[in-house]
Protein chains: 2
Amino acid sequence: MAKTQQTQQERRADTRQRLLTAARDLIAERGVAGASVDALAEAAQRTSGALYAQFGNKDGLLLALVDHWKDTTANAIAAEFEATPDIERRLRALWGNFVSPPDGAEAWVLLEHELWLYACRTAAAQAQVADRYQTAREQLASALPAATPTAAATLLIALMIGLEMQRRIDPDAVSDELALAGLSALLSC
Amino acid sequence: MAKTQQTQQERRADTRQRLLTAARDLIAERGVAGASVDALAEAAQRTSGALYAQFGNKDGLLLALVDHWKDTTANAIAAEFEATPDIERRLRALWGNFVSPPDGAEAWVLLEHELWLYACRTAAAQAQVADRYQTAREQLASALPAATPTAAATLLIALMIGLEMQRRIDPDAVSDELALAGLSALLSC
DNA sequence: GTCTATAGATTGATAGAC
DNA sequence: GTCTATCAATCTATAGAC
């Protein structure tokens with residue numbers, strides 16, 4: 001067994017991971033169209049040749065990003081959710097993690113909208129994004145004390161997305177108290 | 001007074017309107033970055049020269065679109081709202097108009113997200129989009145029998161946006177009944 | 001598997017005719 | 001005020017060296 005033979009196929013996996021991470025960050029910052037192939041490769045400390053060897057073309061990278069992204073953030077949604085006891089604090093933690101994630105990735109919502117728009121116009125990506133939302137709903141539903149958990153989860157996620165949209169464009173328009181009042185009201189559904 | 005002197009400054013106004021309408025439709029279809037200057041001009045039956053004479057550059061057109069768009073759709077939100085008597089039918093009409101507008105412009109939500117993303121990254125457009133949301137909230141609030149109308153309007157709009165996002169990517173995920181149940185529950189806030 | 005170099009197409013924007 | 005022609009920059013993608 002060689003010692004530094006990690007360079008065999010591990011470098012390929014490393015490059016793939018670097019490109020996916022760079023795509024996540026750069027697309028959140030500049031958008032799908034604003035992040036060029038060269039810029040994406042450079043952000044991953046590689047060149048465009050590596051990108052094409054890995055994903056074929058730019059769309060290949062985007063599809064891989066949607067697929068990878070699918071499992072990534074869904075877990076974070078119900079993160080500290082089951083840790084807290086009473087239901088109001090659970091909702092507060094849910095909303096808090098949504099508007100300002102623990103790892104400081106406040107731009108993740110922009111990526112969410114970018115990939116949603118991309119999927120709306122790209123049939124190949126639509127099913128993957130649909131899966132992503134489905135998983136998020138089920139994961140949240142499993143921790144929800146409601147008569148119809150999946151229905152309640154659908155409403156909670158929808159409200160958080162819509163409130164965050166309004167808040168990002170006008171921080172004063174949506175207070176935390178309003179958000180919590182709305183989330184609480186939807187729990188009865 | 002000349003007879004056909006409408007060509008004086010009315011042709012300019014006509015061109016401006018054509019370009020704005022073309023931008024609305026083409027950007028909803030292909031996105032801000034996907035709609036090139038030439039394609040926008042051609043869709044308006046003009047050339048790029050007319051676009052630059054009218055708006056200076058592409059950003060000028062986008063800013064004018066956001067501003068024009070601001071007043072346009074806000075009116076449609078509370079359209080048939082005050083016509084119907086009981087509150088449940090009002091909510092049903094609100095939701096119905098949201099997911100499938102009367103003029104068949106189902107792509108308007110895509111434009112909404114496009115311009116929202118554009119405004120998140122363009123300081124000059126942010127205030128205009130903030131105004132647009134503010135107007136939509138107030139207009140809906142004025143027709144809402146709630147203790148705190150503006151707060152309720154904020155929640156209703158947020159829920160509709162979030163539900164439409166999930167439904168467009170997966171039509172089976174959000175039923176009309178679920179939407180109405182959620183909207184009704186938020187009215188108490 | 002990754003990089004360098006480059007081809008071919010498209011982009012935003014400008015200048016001058018009308 | 002609008003159009004035609006055109007430039008420089010940027011983009012996606014490919015080919016060949018290593």
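So that the names make sense, note that chain A is the first sequence line, chain B the second, and so on, each numbered from 1. Small disclaimer: the values here were computed from a predicted structure and weren't measured.
- Atom CD in Gln45(A) sits roughly 11 Å away from atom P in dC3(C) (whole-Å rounding).
- Going from atom CG of Leu40(A) over to atom C1' of dA13(D) covers 14 Å, rounded to whole Å.
- Taking the charged nitrogens against the carboxylate oxygens, Glu114(A) and Arg121(B) do have a contact shorter than 4.0 Å, which makes a salt bridge.
- Nearest-nucleotide mapping onto DNA chain C: of Gly49(A) and Val32(B), the residue sitting toward the 5' end is Gly49(A).
- The interatomic distance linking Arg12(B) (CZ) with dT2(D) (C1') rounds to 11 Å, in whole Å.
- Closest to the Thr47(A) side chain, of the nucleotides dA13(C), dT4(C), dA13(D), is dT4(C).
- In this structure, Asp38(A) atom CG and dC11(D) atom C1' are separated by 8 Å, rounded to whole Å.
- A donor-acceptor pair under 3.5 Å is formed between the side chain of Gln54(A) and the backbone N or O of Arg12(A).
- In the set dA5(D), dC3(C), dT14(D), the nucleotide with an atom closest to the side chain of Ser48(B) is dA5(D).
- Proximity of Val66(A) to Thr122(A): side-chain heavy atoms (C-beta onward) are nowhere separated by under 4.5 Å.
- Legend: ring pair (Phe, Tyr, Trp, His ring centres under 6.0 Å) pairs involving residues 109-143 of chain A, not counting sequence neighbours, sorted by first then second residue: His113(A)-His113(B), His113(A)-Trp116(B), Trp116(A)-His113(B).
- The interatomic distance linking Leu61(B) (CG) with dA13(C) (P) rounds to 11 Å, in whole Å.
- When rounded to the nearest whole Å, the span between CG of Leu51(A) and P of dA13(D) equals 9 Å.
- The residue among Ala13(B) and Ala35(A) whose nearest nucleotide of DNA chain D lies closer to the 5′ end is Ala13(B).
- Straight-line distance from the CZ atom of Arg18(A) to the P atom of dT2(C): 11 Å, rounded to whole Å.
- Of all nucleotides listed (dA13(C), dC3(C), dA13(D)), dA13(D) comes nearest to the side chain of Lys58(A).
- Picking from dT2(C), dG12(C), dT12(D) the nucleotide with the shortest atom distance to the side chain of Tyr52(B) gives dG12(C).
- Glu10(B) places its CD atom 14 Å from the C1' atom of dG1(D), with the value rounded to the nearest Å.
- Minimum atom distance to the side chain of Ser36(B) is reached by dT11(C), of the listed dT14(C), dT12(D), dT11(C).
- Residues Gln166(A) and Arg137(B) bring a donor and an acceptor atom of their side chains to less than 3.5 Å of each other.
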